[in-house]
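Okay, structure first, notes after.
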Protein chains: 2
Amino acid sequence: MKGIKRLAQHLDISIGTVSRALNGKPDVNEETRRRVLDAAALLGYAPNQAGRSLRRGSTNAVGFMIESNDETETNSDNFFLGVIGGLTGALLKHNLDLVVLPCSVNEDPHDYLQRIVARRLVDAVIISATQRRDRRIDLLKAARIPFIALGRTGGPDEHAWIDLDFEGVAHKAVARLAALGHRQIAVAIPDNEINLGYVFRDAFEDAMAHHRLTVDPSHIIRARSSEHGGYTIGNALLAMEKRPTAIVLVYEMMAIGLYRRLNEAGLTPGRDLAVVGFREGPQSQFLSPALTSFRMSLRDLGIGLAEGLLATMPAYADQFPQGFVHKLWPMELVEGESDAMVIGR
Amino acid sequence: MKGIKRLAQHLDISIGTVSRALNGKPDVNEETRRRVLDAAALLGYAPNQAGRSLRRGSTNAVGFMIESNDETETNSDNFFLGVIGGLTGALLKHNLDLVVLPCSVNEDPHDYLQRIVARRLVDAVIISATQRRDRRIDLLKAARIPFIALGRTGGPDEHAWIDLDFEGVAHKAVARLAALGHRQIAVAIPDNEINLGYVFRDAFEDAMAHHRLTVDPSHIIRARSSEHGGYTIGNALLAMEKRPTAIVLVYEMMAIGLYRRLNEAGLTPGRDLAVVGFREGPQSQFLSPALTSFRMSLRDLGIGLAEGLLATMPAYADQFPQGFVHKLWPMELVEGESDAMVIGR
DNA sequence: CGATTCTTCAGAAACGTTTACGAAAGCCCA
DNA sequence: TGGGCTTTCGTAAACGTTTCTGAAGAATCG
């Protein structure tokens with residue numbers, strides 16, 4: 001005999017009463033409830049999750065979908081992993097389990113998520129790396145699964161999302177460079193279909209226009225989102241006849257590779273080329289010269305995502321104002337010397 | 001009508017046959033099986049996980065238990081998070097779900113795990129930050145839950161574990177320092193009950209004895225496992241009348257704080273004090289002078305843990321040689337300049 | 001051709017929980 | 001006293017799946 005039956009037998013009452021006692025239902029005598037709770041603590045009883053999920057129709061778990069480059073491309077930065085740190089802490093407070101949903105790069109994220117949804121593995125889900133047109137959103141809406149997106153899409157946004165404040169970053173970066181006299185400013189964009197690239201490009205062009213600067217099309221450089229991508233950016237820059245005097249990067253690891261390529265060419269960031277990085281990583285403060293970049297707390301982002309997600313879940317309607325969070329996550333400029341050069345006069 | 005019933009109705013066969021077809025049971029006509037598989041793909045059917053778990057008695061998920069400092073102590077390094085990256089990739093290959101089990105620092109890890117076990121949330125579990133005497137191991141053995149420990153314990157080891165090769169690290173560090181002429185070598189130990197501290201201390205003393213060096217008890221410095229802990233180590237060193245000429249750290253973030261404290265005192269690592277760090281982080285290669293430390297792949301460690309865990313699970317007896325993995329994870333010396341000083345003559 | 005085996009499938013039970021329903025007992029009040 | 005509440009609890013059904021049991025029909029064999 002196991003589970004609730006054992007507990008009921010031990011107390012010589014019915015399993016229905018045990019269940020009601022444990023779940024705080026009103027129609028149970030207070031003394032009985034206390035006896036049940038005591039016995040449960042004594043025997044170390046906790047309800048079997050599968051049985052409970054099946055009956056209730058909800059699993060008490062939320063999923064975090066990330067893309068997993070299961071190959072040995074070790075460039076994987078720890079962005080998502082840092083977010084997980086915040087997520088677990090916030091979800092722990094509400095006794096929700098977190099299941100990591102790693103979608104192999106070989107599989108279509110939509111198909112992967114569809115299987116998760118069909119299995120009813122989680123009650124709600126966080127999707128990341130949103131694409132410009134992301135079918136996962138239609139899927140989740142149709143299945144009525146609460147969700148929040150980490151990243152905007154190109155389509156309508158009748159759903160919860162949090163995204164980095166690319167507009168703010170682009171404006172701060174361009175304003176700073178423009179003030180230093182730069183007129184030829186390049187931008188690095190990841191060469192994938194993630195919406196981030198489109199958003200940042202638009203934001204950059206906006207910022208440039210705001211400062212009455214024109215963007216040379218050849219100065220919009222597409223590269224892989226990795227250290228190696230930064231190296232190729234260096235190649236591209238060195239091959240240009242009219243080289244920009246500054247560049248803004250959109251992926252933290254790019255700075256490492258770009259530094260390396262510049263050093264190989266005998267050039268110094270902040271003297272021969274102004275470099276503005278993206279997210280401040282553990283390494284950026286140690287790069288020499290120190291990289292000008294933007295700071296944010298991955299942990300806090302995780303917490304924000306958790307709260308935004310809970311706000312979409314009917315079960316938490318009493319604890320969170322229901323509705324769709326739309327939030328641009330602020331990033332704070334960290335001044336380094338990698339762009340400390342004055343142009344012209 | 002939902003789930004397998006819908007599929008069965010659509011095909012006009014019984015749900016039993018549908019289930020057997022999907023699960024590759026032999027007693028089903030091949031043409032029927034094909035029809036079922038086609039229909040399942042068409043309708044996007046995947047078996048409800050709760051129903052399946054309940055019936056099968058296994059959940060198709062493994063847990064990774066970490067301690068979550070849900071407070072804002074942001075010092076949390078990304079060690080465990082890096083491991084998760086490897087775990088997800090390896091588990092994905094076997095279609096196992098990963099659920100993160102964050103135990104609040106306020107709760108007893110044993111009680112937390114007991115609840116997880118009682119809920120039957122996962123089929124197997126990875127525990128980390130093992131203590132010298134870790135009751136979780138008795139719990140898991142008694143419940144017959146397959147598990148692997150990240151970290152040794154002080155007790156018998158009739159279970160699977162993987163731990164960092166602290167012995168190798170201590171020996172390499174001491175050998176290197178001894179060759180440079182150091183005789184007064186200190187060691188930093190975390191001031192918690194995690195077994196790691198005991199193991200490293202023993203390994204350090206072994207290594208010292210091997211080089212016929214004596215360990216001054218005051219040179220065994222206990223400090224918090226954080227950057228701030230490194231700072232307090234600096235304080236302790238500066239306050240000593242007979243200061244050691246070298247120190248070996250056992251936690252990566254300690255190096256940052258120690259550097260800071262030394263700099264404040266006008267001292268330079270590698271000139272005034274030889275510093276050997278522990279795990280090479282993204283930052284250590286950028287510290288100035290470059291930190292001598294030890295390299296390992298968190299991702300590979302995650303993969304190793306996954307494989308060691310699968311080897312303990314009866315369900316994978318055909319794919320992995322069953323048995324208990326006992327493995328010291330090698331760490332490779334990365335030479336920096338933080339200990340490049342010659343003592344005496 | 002009858003007996004036996006094999007193939008294929010339908011039906012039903014079981015996993016552990018929650019909850020709708022109803023019943024028993026106590027109470028109140030006319 | 002008896003009818004109607006209220007309180008408390010037991011019973012049974014339901015969630016979606018897998019698997020056991022057995023049965024019908026086809027195939028094989030003596």
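Proteins come first, then strands; the chains are lettered A, B, ... in the order of their sequence lines, and each starts at number 1.
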Scan the side chains in residues 1-11 of chain B for donor-acceptor partners under 3.5 Å anywhere in the protein, sequence neighbours excluded, and list what turns up.
none

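- In this structure, the ring-ring contact (aromatic ring centres under 6.0 Å, His included) partners of Phe147(B), at least two apart in sequence or on a different chain, are His159(B).
- Atom pair Leu54(B):CG and dA14(D):C1' shows a separation of 12 Å (rounding to whole Å applied).
- Partners of Phe324(A) according to the ring-ring contact (aromatic ring centres under 6.0 Å, His included) rule, which considers only residues two or more places apart in sequence or in another chain, do not exist here.
- The side chain to side chain donor-acceptor pair (under 3.5 Å) pairs that include a residue from residues 135-153 of chain B are Asp108(B)-Arg135(B), His110(B)-Arg135(B), Arg133(B)-Asp138(B), Asp134(B)-Arg136(B), Arg152(B)-Asp163(B), Arg152(B)-Glu167(B), where partners are two or more places apart or lie in different chains.
- Judged as a salt bridge (Lys or Arg N to Asp or Glu O under 4.0 Å), not a single pair has a partner in residues 45-61 of chain B (not counting sequence neighbours).
- Among the protein residues, Gly3(A) comes within range of the sugar-phosphate backbone only, with heavy atoms under 4.0 Å from sugar or phosphate atoms but none that close to a base.
- Along DNA chain C, the nucleotide closest to Arg56(B) and the one closest to Gly16(B) are compared, and the more 5′ of them pairs with Gly16(B).
- In the interface, the side chain of Arg55(B) is paired with the base of dT18(D) through a donor and an acceptor atom under 3.5 Å apart.
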Return all side-chain donor-acceptor pairs below 3.5 angstrom for residues 306-316 of chain A, not counting sequence neighbours, or 'none' if the list is empty.
residue, atom, partner, partner atom, Å
Thr312(A), OG1, Leu309(A), O, 2.6

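- Scored by the side chain to side chain donor-acceptor pair (under 3.5 Å) test, Trp329(A) finds no partners at all (sequence neighbours excluded).
- Among residues two or more places apart in sequence or in another chain, the side chain to side chain donor-acceptor pair (under 3.5 Å) test is passed with Asn60(A) by none.
- Rounded to whole Å, the distance from CZ on Arg52(B) to C1' on dT19(D) is 13 Å.
- DNA chain C is contacted by both Pro26(B) and Ile15(B); Pro26(B) maps to the nucleotide lying nearer its 5′ end (nearest heavy atom per residue).
- For the segment residues 17-25 of chain B, the set of residues with a heavy atom within less than 4.0 Å of an atom of DNA chain D comprises Ser19(B), Arg20(B), Asn23(B), Lys25(B), in numerical order.
- If you check residues 27-45 of chain A against DNA chain D, the residues with a heavy atom closer than 4.0 Å are Asp27(A), Val28(A), Asn29(A), Thr32(A), listed by number.
- Interface limits on DNA chain C: the 5'-most and 3'-most nucleotides within less than 4.0 Å of chain A heavy atoms are dG16(C) to dA20(C).
- In this structure, a donor-acceptor pair under 3.5 Å is present between the side chains of Thr17(B) and Arg20(B).
- Nucleotide dT17(D) holds its C1' atom 13 Å from the NZ atom of Lys2(B), rounded to whole Å.
- Taking the six-membered ring where the residue is Trp, Phe80(A) and Phe64(A) present perpendicular rings, their angle passing 60° and hence far from 30°.
- Sorted by first and then second residue, the side chain to side chain donor-acceptor pair (under 3.5 Å) pairs with a member in residues 37-48 of chain B read Arg34(B)-Asp38(B); sequence neighbours excluded.
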